[in-house]
Amino acid sequence: PLAARWRREAGACKVYRVLTDFVAHNFRTFDRLELPRLGRVNLIVGKNNVGKSSLLDALRLYLSNAGAAVIRELLDERDETAVSLDGEEPEARLRLEALFHGWVSTGSQHDIRLGPTDPAENQVVIQARTLRRLSARGAVGEGPQPMYEVVEPGLDDDPQFVPGLRILAAGVSRMFPSDYFSLDRKWWGRGSGLPRPMYVSSRGMSMADVARCWDSISLRDAEQRVIDCLQMIAPVERITLVERSMRTGTRVPWVRVQGKPLPMPLKSMGDGMSRIFQFGLAMELAAMNEKSGRADQPELPGLAGIQRLGSATILIDEIENGIHYSALPDLWRFIFNSAKRSNVQVFATSHSLDCIKAFSVASREDNGSEGVLIRLEQQGEDIVPVTIDEQDLFWLTENELEMR
């Protein structure tokens with residue numbers, strides 16, 4: 001019923017679905033993690049090293065159909081690169097085995113599976129396999145590269161065979177040798193044509209991503225909504241991006257604040273203002289992608305079957321970073337209202353009790369908001385999720401029970 005109602009609210013936008021449940025099998029710290037229920041706005045909490053960020057990584061991979069650019073980002077962000085313990089120069093490559101539970105070696109038959117529990121064919125599958133080069137034809141959707149086939153186990157002792165990944169998503173099979181992810185390799189960046197969710201890390205977006213998002217919404221109604229978002233903290237009247245002095249090509253946000261004679265850099269107002277600005281940008285760009293019925297990249301031939309959930313989803317790591325606890329209730333109200341208005345789905349992590357209480361208040365105030373709190377717990381070797389809906393969450397926080 002929940003998914004059906006969201007589909008009705010989406011109107012003419014037929015290409016989008018929402019995630020109402022999710023499974024991550026054999027991915028990073030998760031042997032098998034099942035989330036039986038998701039809401040429109042989801043807050044993921046738990047102790048350190050329990051897998052909150054890993055769950056966001058799993059969602060990023062699934063919602064981007066395991067695009068090679070996203071795989072590279074996930075590994076690079078965690079410094080999962082080859083290292084040398086004997087003083088020799090290490091290989092300039094990313095360690096693909098870090099994606100798999102237990103750091104399996106390439107060629108094993110342990111596969112990552114990400115997506116809804118049913119039907120299983122809607123899941124994204126990532127396989128560590130040995131590959132053999134077939135030709136120099138370009139692979140569809142991921143930049144120019146040779147074509148490969150998977151070598152059967154036991155036939156991989158030939159030096160022409162290479163370790164790599166096979167990715168199965170939406171009926172499309174893509175294969176990448178491990179050297180495709182070399183740090184020395186010229187990269188094609190974001191232009192793969194695959195969807196990707198809006199992602200705000202615990203350290204924030206890069207200035208290049210901020211500029212890209214701003215250029216997409218400036219001079220539209222969305223621009224004023226971003227300004228309204230900033231007004232939760234300070235009376236911002238206008239905002240623009242200007243080139244940073246002595247750094248050609250780098251643009252940073254400047255604002256005009258009521259009562260101030262001169263404009264100032266947004267960052268001079270504190271990290272919290274920069275974070276909230278980025279949340280507003282992410283919301284508005286995801287809303288634009290949802291309405292347009294496609295991702296922010298053109299669809300390429302051969303990828304017409306790829307699901308396009310990702311471009312209407314927002315992922316935020318450690319949402320409370322840099323934001324004073326007194327502003328958290330208004331921030332969550334903004335997120336709930338924007339998610340409902342724009343028909344986007346939000347996943348955020350936190351370990352702050354103030355953030356959880358603010359989430360509970362905003363969720364209860366917004367009837368039909370479908371706010372869900374997911375607590376990850378370590379139980380022996382397994383990580384187990386506990387799902388708490390808005391009614392139970394309000395009772396628990398009112399009675400000051402520990403939710404983190």
Side-chain angles (χ1 to χ4, degrees), residues 41-45 48 52-53 56 77 198-214 217-218 222-242 244 250-260 262-287 314-339 344 346-363 365-366 371 373 397 403-404:
V41 181
N42 305 273
L43 179 59
I44 303 158
V45 301
N48 289 337
K52 300 187 296 296
S53 296
L56 287 191
E77 287 167 2
M198 295 301 305
Y199 174 64
V200 183
S201 75
S202 59
R203 292 170 290 185
M205 294 182 182
S206 69
M207 283 299 100
D209 282 345
V210 168
R212 180 180 62 88
C213 293
W214 178 256
I217 71 159
S218 62
E223 180 178 331
Q224 184 57 51
R225 287 193 290 269
V226 172
I227 293 174
D228 293 342
C229 178
L230 289 172
Q231 289 176 348
M232 292 188 298
I233 307 296
V236 172
E237 295 179 334
R238 297 177 60 188
I239 186 167
T240 189
L241 263 62
V242 299
R244 188 173 181 178
T250 302
R251 297 159 61 209
V252 296
W254 281 57
V255 295
R256 181 67 183 264
V257 179
Q258 183 181 359
K260 300 290 185 182
L262 295 173
M264 65 180 67
L266 178 65
K267 201 166 185 178
S268 70
M269 302 180 70
D271 290 341
M273 287 291 282
S274 295
R275 293 276 288 176
I276 289 175
F277 176 59
Q278 293 175 14
F279 297 160
L281 286 178
M283 278 288 185
E284 293 304 326
L285 196 62
I314 300 170
L315 310 174
I316 305 173
D317 199 12
E318 297 185 20
I319 188 171
E320 78 281 2
N321 272 9
I323 300 174
H324 194 264
Y325 76 92
S326 62
L328 290 171
D330 284 339
L331 173 62
W332 279 116
R333 291 183 185 104
F334 162 77
I335 290 174
F336 275 106
N337 292 336
S338 297
V344 301
V346 179
F347 296 87
T349 68
S350 176
H351 50 71
S352 161
L353 185 57
D354 289 323
C355 188
I356 296 171
K357 290 180 176 180
F359 175 87
S360 172
V361 170
S363 175
E365 288 177 355
D366 189 343
L373 182 134
T397 52
M403 287 290 93
R404 295 170 294 179

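If you're wondering where the values come from, they're calculated on a predicted model, not measured in any experiment.
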Shortest non-hydrogen contact from [X] toward [Y]:
X      : Y      : value
Ala282 : Val200 : CB-CG2, 4.3 Å
Glu237 : Ile227 : O-CD1, 3.8 Å
Ala222 : Glu284 : CB-OE1, 3.3 Å
Ala358 : Pro329 : CB-N, 3.6 Å
Ala362 : Phe336 : CB-CD1, 3.7 Å
Leu241 : Ala211 : CD2-CA, 3.5 Å

Met198 and Met205: CA distance, side-chain angles, deciding distance, side-chain contact (heavy atoms from CB on, under 4.5 Å) verdict: CA-CA 10 Å; Met198 295 301 305; Met205 294 182 182; 3.9 Å; yes
State, yes or no, whether a side-chain contact exists between [X] and [Y] at a heavy-atom distance under 4.5 Å.
X      : Y      : result
Trp332 : Ser363 : no
Ile217 : Leu281 : yes
Arg251 : Met207 : no
Met283 : Val344 : yes
Val252 : Pro265 : no
Val45  : Leu373 : yes
Arg212 : Leu285 : yes
Met269 : Ile233 : no

Report the distance from atom [atom1] of [X] to atom [atom2] of [Y], rounding to the nearest 0.5 Å.
X      : Y      : atom1 : atom2 : answer
Ser326 : Asp354 : OG    : CG    : 9.5 Å
Leu56  : Asn42  : CG    : CG    : 10.5 Å
Gln224 : Cys229 : CD    : SG    : 11.5 Å
Trp254 : Leu262 : CH2   : CG    : 9.0 Å
His351 : Ile319 : NE2   : CD1   : 12.5 Å
Leu315 : Ser201 : CG    : OG    : 11.5 Å

Aromatic plane relationship, Phe277 with Trp214 - under 30° parallel, 30 to 60° tilted, over 60° perpendicular: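 Answer is tilted, since the angle falls between 30° and 60°.
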Derivation and outcome, side-chain contact (heavy atoms from CB on, under 4.5 Å), residues Ile316 and Phe279: CA-CA 8 Å; Ile316 305 173; Phe279 297 160; 3.5 Å; yes
Cationic N near anionic O, under 4.0 Å, Asp228 to Arg225: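 No, this pair does not count.
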Side-chain H-bond candidate by donor/acceptor type, Ser350 with Glu320, under 3.5 Å: yes
Intermediate values then yes/no, side-chain contact (heavy atoms from CB on, under 4.5 Å), Leu328 and Ile323: CA-CA 7 Å; Leu328 290 171; Ile323 300 174; 4.0 Å; yes
Neighbour count above 12 (heavy atom, 6.0 Å) for Asp271 CG: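 Atom CG in Asp271 is not crowded, with 12 or fewer foreign heavy atoms closer than 6.0 Å.
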Steps toward side-chain contact (heavy atoms from CB on, under 4.5 Å) verdict (Ile314, Tyr199): CA-CA 6 Å; Ile314 300 170; Tyr199 174 64; over 6 Å; no
Asp317 vs Ser53, side-chain hydrogen bond (donor to acceptor under 3.5 Å, both in side chains): CA-CA, chis, key distance, verdict: CA-CA 7 Å; Asp317 199 12; Ser53 296; 3.1 Å; yes
